[in-house]
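Small disclaimer: the values here were computed from a predicted structure and weren't measured.
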Amino acid sequence: MWLFSRKGASGFSASSTAEEVTQGIDGTGLTAVVTGASSGIGTETARVLALRGVHVVMAVKNMPTGREVKETIAKRNPNAKIDAMELDLSSLASVRKFAADFISSGLPLNILINNAGIMATPFMLSKDGIELQLATNHVGHFLLTHLLLETMKKTAQGRTEGRIVNVSSRRHKFSYPEGIRFDKINDQSGYNSLSAYGQSKLANVLHANELARRLKEDEVAITANSLHPGAIATNLFRHSNLINGLVGLVGKYVIKNVEQGAATTCYVALHPQVTGKTGLYFADSNVAETSLQANDNALARKLWDFTFTLINNCPNNT
């Protein structure tokens with residue numbers, strides 16, 4: 001990762017690790033939900049937040065793996081406050097159950113990290129009949145955020161700012177030409193696995209931006225931001241042999257390790273430099289530029305309304 005080690009305005013760079021960007025920060029008393037915390041940068045994010053004293057709730061699809069990760073983190077850090085709860089983001093029923101169970105627990109919620117994702121899958125529909133990448137990466141997180149927002153608002157009534165963090169990708173700049181295929185969301189014709197991934201990641205940025213606008217308008221002490229974690233060699237690439245091959249060829253020069261890959265997420269979630277900053281996009285623990293489509297406020301509002309309609313019209317929606 002030595003090719004990209006230049007520090008930005010924050011004092012951090014692409015080579016900075018999650019531990020480095022949170023050094024000296026005390027997260028005691030904070031509670032965070034981290035989706036996709038059973039592998040990759042999700043696991044590292046959960047570990048480092050717990051290391052800083054945050055009570056972490058790992059939202060995981062595979063509970064046996066989640067419990068193993070929880071035990072591993074607890075062994076390394078006996079003081080860690082960490083729990084695992086089941087969540088399948090491709091299922092709206094699962095999202096609703098997770099949210100109901102979390103709310104019933106009575107826990108506060110300061111930080112919501114929408115991290116889980118799938119990449120470049122063959123064309124498939126979710127249980128709710130939504131193209132799988134959009135369903136998992138955007139729609140599930142959109143609903144989860146909506147259902148947990150009231151809990152976050154109540155928590156933020158104290159003096160601690162709430163933070164919502166959408167883990168997007170640089171691939172948001174490489175969606176379909178129209179950005180979001182509103183009229184062809186579930187059409188297999190014209191489906192391109194990487195463009196569909198880009199579409200879902202563009203949706204992550206647009207969601208964070210519109211949410212930030214609404215929260216600011218309502219004068220709620222919660223920020224919403226999105227980020228690119230960097231190119232990381234994780235199981236996210238499991239559906240693309242080409243990308244896997246490139247990672248093996250040039251990985252050590254341009255690919256981040258997991259510790260570096262989780263840095264921007266942990267920075268945006270915890271660092272004092274981010275206090276009050278909302279509707280922004282980060283990369284390498286610094287503010288970065290998005291695509292023109294990601295800055296389209298009208299597109300963000302259209303996606304917001306479209307997603308609610310999509311959720312409400314799902315045949316399996318309960």
Kindly say whether Ala120 contributes a backbone atom to a donor-acceptor pair with the side chain of Gln133 at under 3.5 angstrom? yes
For this session: Taking the side chain as every heavy atom from C-beta outward, state whether Glu161 and Ile222 have any pair of such atoms under 4.5 Å apart.
Result: no
If you count the non-hydrogen atoms of other residues, nucleotides and ligands that lie under 6.0 Å from NZ in Lys97, is the total more than 12? no
Hits for side-chain contact (heavy atoms from CB on, under 4.5 Å) against Asn286, two or more places apart or cross-chain, chain-then-number order -> Ala9, Ser10
Subject >> Side chains of Thr145 and Leu147 in contact at under 4.5 Å (non-hydrogen atoms) >> reply: no
Q) Between Asn225 (side chain) and Gly279 (backbone), is there a donor-acceptor pair under 3.5 Å? A) yes
Taking every heavy atom of Thr264 against every heavy atom of Asp284, the minimum-distance pair comes out as OG1-N, 3.3 Å
Residues at least two apart in sequence or cross-chain that pass ring pair (Phe, Tyr, Trp, His ring centres under 6.0 Å) with Phe282, listed by chain then number, are none
Nearest heavy-atom approach of Phe102 to Val57 is CE1-CG2, 3.9 Å
**Q.** Backbone N/O of Leu280 and side chain of Asn209: donor-acceptor pair under 3.5 Å
**A.** no
Residues passing the side-chain contact (heavy atoms from CB on, under 4.5 Å) test with Ser94, sequence neighbours excluded, are Leu87, Asp88, Ser91
Gly129 and Asn186 have their tightest heavy-atom pair at O-ND2, 3.0 Å
After noting the C-alpha distance and the side-chain angles of His138 and Thr307, does the key distance pass the side chain to side chain donor-acceptor pair (under 3.5 Å) rule?
CA-CA 9 Å; His138 167 62; Thr307 306; 2.9 Å; yes
Please examine the side chains of Leu89 and Lys61, heavy atoms only from C-beta on, and report whether any two atoms are closer than 4.5 Å. no
For residues 46-59, the salt bridge (charged side-chain N to carboxylate O under 4.0 Å, His left out) pairs (sequence neighbours left out) are Glu19-Arg47, Glu44-Arg47
Can you tell if the side chain of Leu144 reaches within under 4.5 Å of the side chain of Thr35, non-hydrogen atoms only? yes
Q: Anything under 30° is parallel, anything over 60° is perpendicular, the rest tilted; go ahead and classify Phe142 against His207.
A: tilted
Interatomic distance, NE2@His228 vs NZ@Lys173, rounded to 0.5 Å, equals 8.5 Å
Minimal heavy-atom distance between Leu51 and Asn77, with the atoms involved, is CA-ND2, 3.7 Å
In this structure, CG of Asn257 is separated from CD1 of Ile232 (nearest 0.5 Å) by 9.0 Å
Query raised in the report: Hey, are the side chains of Val34 and Val56 touching, using non-hydrogen atoms and a 4.5 Å cut-off?
Result: yes
(message) Donor-acceptor pair, distance only, cut-off 3.5 Å: does the side chain of Ser195 make one with the backbone of Asn192?
(response) no
side-chain contact (heavy atoms from CB on, under 4.5 Å) filter on Pro64, not counting sequence neighbours, yields Asn62, Arg67
(message) Between Leu270 and Val54, is the side chain to side chain contact (heavy atoms under 4.5 Å, CB included) condition met? List the steps.
(response) CA-CA 10 Å; Leu270 274 189; Val54 179; 4.1 Å; yes
CG of Leu109 to CZ of Arg163, rounded to nearest 0.5 Å, is 13.5 Å
*Keeping the roles fixed (side chain from Ser126, backbone from Ala135), state whether a donor-acceptor pair exists under 3.5 Å.*
no
Sorted by chain and number, sequence neighbours left out, ring pair (Phe, Tyr, Trp, His ring centres under 6.0 Å) with His146 holds for Phe308
Taking Arg181's backbone N and O only, do any of them form a donor-acceptor pair with Glu178's side chain (distance below 3.5 Å, no angle check)?
no
When rounded to the nearest 0.5 Å, the distance separating CE of Met119 from OG1 of Thr136 is 14.5 Å
Closest non-hydrogen atoms of Pro108 and Thr151, given as atom of the first, atom of the second and distance, are C-CG2, 4.4 Å
Taken in chain and number order and not counting sequence neighbours, the residues that satisfy side-chain contact (heavy atoms from CB on, under 4.5 Å) with Thr160 are Leu30, Asn110
Value for CG (Asn204) from OG (Ser169), rounded to nearest 0.5 Å, stands at 9.0 Å
Report yes or no: do Val95 and Leu310 belong to one cluster of Ile/Leu/Val/Met/Phe/Trp/Tyr joined by side chain heavy-atom distances under 4.5 Å?
yes
Salt bridge (charged side-chain N to carboxylate O under 4.0 Å, His left out) pairs touching residues 194-221, sequence neighbours excluded, are Glu210-Arg213, Glu210-Arg214, Arg213-Glu217
What one should report as the nearest heavy-atom pair of Ile113 and Ala269 is CD1-CB, 3.9 Å
**Q.** Student check: side-chain heavy atoms of Ser168 and Leu227 closer than 4.5 Å
**A.** no
Hey, mind stepping through Ile180 and Gln199 against side chain to side chain contact (heavy atoms under 4.5 Å, CB included) and telling me if it holds? CA-CA 6 Å; Ile180 306 293; Gln199 174 180 247; 3.9 Å; yes
Ser16 side chain vs Ser13 backbone, donor-acceptor pair below 3.5 Å
yes
Sorted by chain and residue number, the ring pair (Phe, Tyr, Trp, His ring centres under 6.0 Å) partners of His172 (sequence neighbours excluded) come out as Tyr281
With side chains defined as the heavy atoms from C-beta onward, is the minimum distance between Tyr197 and Ile118 less than 4.5 Å? no
* With no hydrogens and no angle check, is any side-chain donor or acceptor of Asp26 less than 3.5 Å from a backbone partner on Thr28? -> yes
The complete set of ring pair (Phe, Tyr, Trp, His ring centres under 6.0 Å) pairs with one or both residues in residues 22-69, sequence neighbours excluded, reads none
| request: Evaluate side chain to side chain contact (heavy atoms under 4.5 Å, CB included) for Ile164 paired with Leu149, printing each intermediate quantity in order. | output: CA-CA 9 Å; Ile164 296 169; Leu149 195 55; 3.9 Å; yes
Original post:
Donor-acceptor pair, Asn115 side chain versus Ala37 backbone, under 3.5 Å?
Top reply: no
Using a 4.5 Å side-chain heavy-atom cut-off and chaining through intermediate ILVMFWY residues, the residues clustered with Tyr191 come out as Phe123, Leu125, Tyr176
| said: Does this structure show an ion pair linking Lys70 with Glu68, if we count only N-O contacts that are shorter than 4.0 Å? | reply: no
Can I get a per-line list of side-chain donor-acceptor pairs under 3.5 Å for residues 295-306, giving both atom names and the distance, sequence neighbours left out?
{"residue": "Asn295", "atom": "ND2", "partner": "Thr290", "partner atom": "OG1", "Å": "3.0"}
{"residue": "Asp296", "atom": "OD1", "partner": "Ala298", "partner atom": "N", "Å": "3.0"}
{"residue": "Asp296", "atom": "OD1", "partner": "Leu299", "partner atom": "N", "Å": "3.0"}

Rounding to 0.5 Å, atoms NE2 (His141) and CG (Asn114) come to a distance of 4.5 Å
### Query
Is the closest side-chain heavy-atom distance between Thr278 and Leu215 below 4.5 Å?
no
Would you indicate whether Lys153, at its atom NZ, is surrounded by more than 12 heavy atoms from other residues, nucleotides or ligands within a distance under 6.0 Å?
-> yes
Could you tell me whether the side chain of Lys184 and the main chain of Gly190 form a donor-acceptor pair under 3.5 Å? no
Could you go through Val21 and Thr17, starting from their C-alpha distance and side-chain angles, then the distance that decides it, and tell me whether this counts as side chain to side chain contact (heavy atoms under 4.5 Å, CB included)? CA-CA 6 Å; Val21 303; Thr17 66; over 6 Å; no
